[in-house]
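Lettering follows sequence order; numbering is per chain, from 1.
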Amino acid sequence: MGPAAFAEVLTSVGRHWRPLCYHAPMISRDDRIGGELPAGSVMAAMSGGVDSSVCALLLQRAGCDVRGATMVLHGDVAAGAGGAAAWSEGAVCGSSRDVEDARAVCRHLGIPHDAFDLRDRFDAAVVRPFCEAYLTGRTPNPCIDCNRYLKFEALQQRRRELGLRYVATGHYARRRWDEVSGRWQLLRAADVAKDQSYVLYHLTQDTLAHMLFPLGDLTKNEVRALARDHGFTTADKPESQDICFVPDGDYAGFIEGWCRVRDCEGAVSRASLMRGIEGGLKAAPTETRLAGMGENPKAALAEAGLAIASAADAFAPGEIVDHAGRVLGQHAGLIHYTVGQRKGIGVAAREPLYVLGKDNTANRLVVGFRDELESRGVVARDVNLIGGDALGGPRRVRVKTHYRQRPVDATVEQTGPDELTVVFAEPQRAAAPGQAVVVYDGELVIGGGTAARSF
RNA sequence: UGGGGUAUCGUCCAACGGCAGGACUCUGGUUUUUGGUACCAGCUACCUAGGUUCGAAUCCUAGUACCCCAG
């Protein structure tokens, strides 16, 4: 079916076109490529969840040559005889359960399925930067890194190796070829409630050219209905939540354990942590360097108001103070807190108290009332602009500093080769350093970066 | 040590002599591919001992503790 015929089908079925997708080849209209429907071989990234299952289904129905691919991201290999490997159980992304679910869906669809062991890559590109960010007082978003370095970079590499044309994922987002600029664009999903473009701001032209987002025009309910209609075992899996490699939610405990594992003596000492952090900085591939740290991590840390030495005290109790320095209580270690946090401070006041900032040097937690948390803007580093060009002078945009936040009016200006400065139209609750700042122009994702500081 | 004042959830405050309420904290839940936020729900208290009264957090007496003035 050529694009003209495809458009005709859409027109002819009119308002009832959606149900047709249950029975006919139907994928997002925005997945046409240069006016053509996607043709050729596609690697469908399958997490074992409902979205990626339906993603594979839609590709197959569109007539693509599909093969499923699942990344094994974590899980221990049992020390069995003969090196027999057994993935650990667990309903978390990239676990054995998910690999099995993805494989079952592929069997159901009659398509090949590959499982890639990317645990080392996951550790290096996601887990280590996650721990190091928290240890230096920032609040990382590991899902962003996982998307960037695993779901896109690593899978694209496998795609090239296998000689396939596309990688498709179950993200709720859309891409579009822009004739005017001659470039690919990333757009928000049709289902605003499920839009996931926020975690994709780092996509490049090269990657977008080889990406498909078959779910971009569907709603979650439609996706689940499709999965049920096809009897997928993944149809009623719950939405993913929490950090996949910290299923119990105790990220501080996880990081402490991570530090211990890295230190043979088993002690979380200042010296061992410093060794770990500095070693990590040296050994990490360039793309997994501490965000925005550049060539000289220590200088960069100092510039950011962080001291490497103090990072070792991330677990040490200290004082809770207000903006005037009055001591209000004791904190349990700065690693347990993040800017904007309300719960867990443990100090009773006239109104709720929120974390305003973390003073790593003095090991003090600065708290205040809600209105004190508001900021005029935010500076983002480690910038990616999907269009490729520099942004230049102030530009009216909309900005998200959290996955679920509705975009807010702002102006953005390129204030450095790798720096954006966002000024909100109305003061916003401050974003924690380390969080993603994503810039939109209507439905279009312009790009984004990592929050360095609010002002 | 003299004079005055105050004692109520973990914290800060309410409650004509008539079922002790709220805010904050805390706990649980909902929402959510990050941390958080937001929303909903829940737990916990009348300083001690007497007295007055049908009935006391409330009034009276004593004790205890703390605070403020005088030292």
Side-chain angles (χ1 to χ4, degrees), chain A residues 45 47-52 71 73 91-95 98 126-127 129-131 133-148 150-151 169-173 189 192-202 215 220 223 237-255 291 314 320 328-332 334-358 365 367-370 373-374 400-406 408 428-438 448 450-451 454:
Chain A
S47 65
V50 60
D51 291 329
S52 55
M71 303 182 293
L73 302 179
V92 295
C93 199
S95 70
D98 292 315
V126 179
V127 177
F130 168 84
C131 294
Y134 260 117
L135 289 169
T136 50
R138 285 167 295 131
T139 306
N141 186 336
C143 292
I144 300 268
D145 285 340
C146 181
N147 276 301
R148 183 173 194 165
L150 277 296
K151 288 177 191 161
T169 68
H171 285 103
Y172 289 82
V192 181
K194 283 301 296 181
D195 172 49
Q196 291 172 320
S197 61
Y198 173 83
V199 296
L200 305 178
Y201 74 86
H202 47 75
L215 306 188
K220 185 74 185 195
V223 168
K237 276 184 130 179
E239 301 291 285
S240 59
Q241 56 186 47
D242 294 332
I243 301 168
C244 70
F245 53 93
V246 190
D248 65 355
D250 179 16
Y251 68 83
F254 174 88
I255 294 169
I320 298 175
L328 303 179
Q330 295 287 308
H331 69 71
L334 289 180
I335 197 165
H336 294 283
Y337 308 89
T338 189
V339 172
Q341 180 173 332
R342 169 180 172 177
K343 295 284 183 182
I345 295 173
V347 177
R350 182 168 296 279
E351 293 172 49
L353 289 169
Y354 298 83
V355 174
L356 301 184
K358 303 201 275 186
L365 188 70
V367 302
F369 297 124
R370 180 194 290 253
L373 186 57
E374 297 201 325
K400 282 171 74 165
T401 55
H402 187 274
Y403 177 67
R404 295 280 296 169
Q405 180 192 35
R406 62 172 174 74
V408 297
Q428 300 294 316
R429 302 180 63 168
Q435 291 285 286
V437 178
V438 181
T450 304
S454 294

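At a threshold of 4.0 angstrom between heavy atoms, the contacts of A:Gly344 are confined to the sugar-phosphate backbone, with no base atom among them. At a threshold of 4.0 angstrom between heavy atoms, the contacts of A:Ala349 are confined to the sugar-phosphate backbone, with no base atom among them. Among the protein residues, A:Asp242 comes within range of the sugar-phosphate backbone only, with heavy atoms under 4.0 Å from sugar or phosphate atoms but none that close to a base. When heavy atoms are screened at a 4.0 angstrom cut-off, A:Val355 is found touching no nucleic acid atom at all. Contacts of A:Ile345 with the nucleic acid, taken as non-hydrogen atoms under 4.0 Å apart, involve only primed sugar atoms and P, OP1 or OP2. No contact: A:Tyr337 has no heavy atom under 4.0 Å from any strand.
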Counting primed atoms plus P, OP1 and OP2 as sugar-phosphate and everything else as base, spell out the protein contacts along nucleotides 38-44 of chain B at 4.0 Å heavy-atom distance: B, S or - for each nucleotide, 5' to 3'. S------
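Comparing the same atom, P, in B:rG71 and in B:rA62 gives a spacing of 26 Å after rounding to whole Å. For the C1' atoms, the distance from B:rC67 to B:rC19 is 34 Å, rounded to whole Å. B:rC12 and B:rG29 are spaced 30 Å apart, taking the P atom of each and rounding to whole Å. As rounded to the nearest Å, B:rC66 and B:rC26 have P atoms that lie 30 Å from one another. Comparing the C1' positions of B:rC13 and B:rA57 gives an interatomic distance of 14 Å, to the nearest angstrom. Rounded to whole Å, the separation between the C1' atoms of B:rA14 and B:rU58 comes to 13 Å. B:rG10 sits 32 Å from B:rG4 when the P atoms are compared, rounded to a whole Å. B:rA7 and B:rC47 have their P atoms separated by 9 Å, with the value rounded to a whole Å.
Side chain of A:Asn147, nearest nucleotide from B:rU31, B:rU34, B:rU33: B:rU33. Picking from B:rU34, B:rU11, B:rG36 the nucleotide with the shortest atom distance to the side chain of A:Tyr251 gives B:rG36. Nearest nucleotide to the A:Gln341 side chain, out of B:rU34, B:rU37, B:rC24: B:rU37.
The distance from atom OG1 of A:Thr450 to atom CG of A:Asp145, rounded to the nearest 0.5 Å, is 7.5 Å. Here the CG-OH distance, from A:Leu365 to A:Tyr337, works out to 6.0 Å after rounding to the nearest 0.5 Å. A:Leu135 contributes atom CG, which lies 11.5 Å from atom CG of A:Leu334 (distance to the nearest 0.5 angstrom).
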Annotated structure of RNA chain B as dot-bracket, pair cut-off 3.5 Å, Watson-Crick or G-U only, | for inter-strand, is (((((((..((((....[..)))).(((((.......)))))....(((((..]....)))))))))))).
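Summary of the strand contacts: A:Gln435 and A:Arg350 both lie near RNA chain B, and taking for each the nucleotide with the nearest heavy atom, the more 5' one is attributed to A:Arg350.
Side-chain N/O atoms of A:Asp145 and base N/O atoms of B:rU34 include no donor-acceptor pair closer than 3.5 Å.
Regarding contacts with the backbone of B:rU33, a side-chain N or O of A:Tyr403 is found under 4.0 angstrom from either OP1 or OP2.
A:Phe130 and A:Tyr251 have perpendicular rings, their planes meeting at more than 60° on a 0 to 90° scale where under 30° would count as parallel.
For the pair A:Lys237 NZ and B:rU32 P, the interatomic distance rounds to 17 Å; values are reported in whole Å.
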